[in-house]
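Take a look at the structure below.
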Amino acid sequence: MRWFMVLSAMLALAAFGAVAGDEAPWFDMENCEMCSPLMNDPELLPNVAWEHYNIANGIVTVTTVMDEHRASWDKVVAKMDAVAKKMEAGEPVKLCGMCMAMDDLYKRGAKWEQVETRYGSVSLMTSDKPEMVAEIQAWAKRTNDEMAKMEAAEDVDSPNE
């Protein structure tokens with residue numbers, strides 16, 4: 001199952017966005033086994049774009065990868081797929097908060113559909129249960145909010161600004 005392809009697109013920055021208490025950071029590029037493959041190619045992440053939008057029964061995610069980085073992207077996705085298989089087999093895997101929350105949604109019945117496109121993928125995370133739809137959309141909002149914080153921090157910290 002390539003459900004983490006969307007995950008990789010969402011994690012374009014280093015560890016950031018710690019949540020309250022002893023919970024894992026929402027994003028943790030260094031310590032999350034699912035996210036860490038994204039750090040292998042420093043040119044990849046600036047050339048991946050993603051968008052999350054609410055739909056009536058969940059969310060749609062559009063992932064776009066620049067052509068010249070598609071081979072690197074495919075290698076990352078293969079590594080993430082291997083981690084997902086470990087998880088499916090019940091092996092322990094260290095995950096960040098976002099990955100744990102996404103995994104929890106799947107375990108509780110969220111459905112995933114993905115279509116590979118010429119430039120990336122279009123993915124749907126859905127449910128026929130209104131309470132699950134609300135949780136899926138809350139996950140996407142939290143992810144979007146954390147990404148916006150990171151982008152703002154990068155703009156402020158950029159030596160080129």
Side-chain angles (χ1 to χ4, degrees), residues 1-19 23-53 55 58-107 110-126 136-137 139-155 157-158 160:
M1 172 167 59
R2 294 175 63 108
W3 64 273
F4 269 101
M5 183 165 179
V6 65
L7 164 69
S8 61
M10 293 181 287
L11 301 173
L13 301 156
F16 190 90
V19 294
E23 296 178 27
W26 194 247
F27 297 130
D28 189 345
M29 301 296 284
E30 293 178 17
N31 297 307
C32 175
E33 290 181 53
M34 189 61 71
C35 301
S36 62
L38 290 163
M39 302 305 288
N40 292 341
D41 178 355
E43 296 299 317
L44 178 62
L45 292 177
N47 291 288
V48 176
W50 56 93
E51 303 165 89
H52 305 285
Y53 299 102
I55 56 175
I59 61 169
V60 61
T61 299
V62 179
T63 304
T64 308
V65 182
M66 300 301 289
D67 281 343
E68 60 271 19
H69 299 280
R70 189 60 189 247
S72 181
W73 176 257
D74 290 343
K75 288 177 187 175
V76 166
V77 171
K79 289 178 183 179
M80 292 176 148
D81 285 344
V83 174
K85 286 180 181 166
K86 284 175 56 175
M87 292 172 63
E88 290 170 5
E91 294 181 41
V93 174
K94 186 171 183 178
L95 300 174
C96 65
M98 191 201 69
C99 292
M100 285 188 283
M102 182 182 236
D103 184 51
D104 181 61
L105 290 169
Y106 292 125
K107 286 178 179 175
K111 303 295 182 219
W112 182 261
E113 293 179 62
Q114 183 167 304
V115 177
E116 298 297 317
T117 69
R118 180 176 173 189
Y119 300 106
S121 67
V122 175
S123 308
L124 299 168
M125 187 187 314
T126 60
I136 292 168
Q137 292 176 346
W139 174 88
K141 181 180 183 330
R142 170 79 187 272
T143 300
N144 286 337
D145 290 349
E146 295 293 339
M147 288 172 25
K149 287 179 195 176
M150 291 185 290
E151 290 171 6
E154 283 185 347
D155 289 342
D157 295 338
S158 175
N160 297 324

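Owing to the predicted nature of the structure, the values given are computational and were not obtained by experimental measurement.
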query = Can you list every pair that meets salt bridge (charged side-chain N to carboxylate O under 4.0 Å, His left out) and has a residue in residues 31-41, with sequence neighbours left out?
reply =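 Residue pairs with at least one partner in residues 31-41: Glu33-Lys86.
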ask   = Is the shortest distance from a Lys or Arg side-chain nitrogen in Lys149 or Asp145 to a carboxylate oxygen in the other one below 4.0 Å?
value =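 A salt bridge is absent here (no side-chain N lies under 4.0 Å from a carboxylate O).
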message = Can you tell whether the side chains of Asp74 and Arg70 come within less than 4.0 Å, N to carboxylate O?
response =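 Looking at Asp74 and Arg70, the cut-off is met.
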query = Between Gln137 (side chain) and Ile55 (backbone), is there a donor-acceptor pair under 3.5 Å?
reply =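 Checked: pair present.
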Tell me the closest heavy-atom pair linking [X] and [Y], and the distance in Å.
{"X": "Met125", "Y": "Leu105", "result": "SD-CD1, 3.8 Å"}
{"X": "Cys35", "Y": "Met80", "result": "CA-CE, 4.2 Å"}
{"X": "Cys32", "Y": "Leu95", "result": "SG-CA, 3.7 Å"}
{"X": "Trp26", "Y": "Cys96", "result": "O-SG, 3.3 Å"}

inquiry  = For a 4.5 angstrom cut-off between non-hydrogen side-chain atoms, does Thr126 reach Ile136?
reply    =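 Heavy-atom side-chain distance check fails, nothing below 4.5 Å.
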With [X], which residues qualify under side chain to side chain donor-acceptor pair (under 3.5 Å), at least two apart?
{"X": "Tyr53", "value": "Glu51"}
{"X": "Lys75", "value": "none"}
{"X": "Asn31", "value": "Asp28"}
{"X": "Asn144", "value": "none"}

query = Do Leu38 and Met29 pass the side-chain contact (heavy atoms from CB on, under 4.5 Å) test, and can you show the C-alpha distance, the side-chain angles, and the key distance before you say yes or no?
reply = CA-CA 7 Å; Leu38 290 163; Met29 301 296 284; 3.5 Å; yes
ask   = Yes or no on side-chain contact (heavy atoms from CB on, under 4.5 Å) for Lys79 and Asn40, after CA distance, side-chain angles and deciding distance?
value = CA-CA 11 Å; Lys79 289 178 183 179; Asn40 292 341; 2.9 Å; yes
query = To the nearest 0.5 Å, how far apart are CD in Glu146 and CZ in Phe27?
reply =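 Here the interatomic distance stands at 6.5 Å.
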request  = Could you grab the distance from atom CE of Met102 to atom NZ of Lys107, nearest 0.5 Å is fine?
outcome  =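 NZ of Lys107 is found 13.5 Å from CE of Met102.
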key: Qualifying residue, where the test is side chain to side chain donor-acceptor pair (under 3.5 Å) with His52 and the options are Thr143, Thr63, Thr61   =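 So the option named by the test is Thr61.
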For Glu113, all residues meeting side-chain contact (heavy atoms from CB on, under 4.5 Å), sequence neighbours excluded =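 Glu113 satisfies side-chain contact (heavy atoms from CB on, under 4.5 Å) with Leu124 once adjacent residues are dropped.
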query = So with a 6.0 Å cut-off around CE of Met100, is the heavy-atom count from everything else above 12?
reply =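 Check passes, neighbour count above 12.
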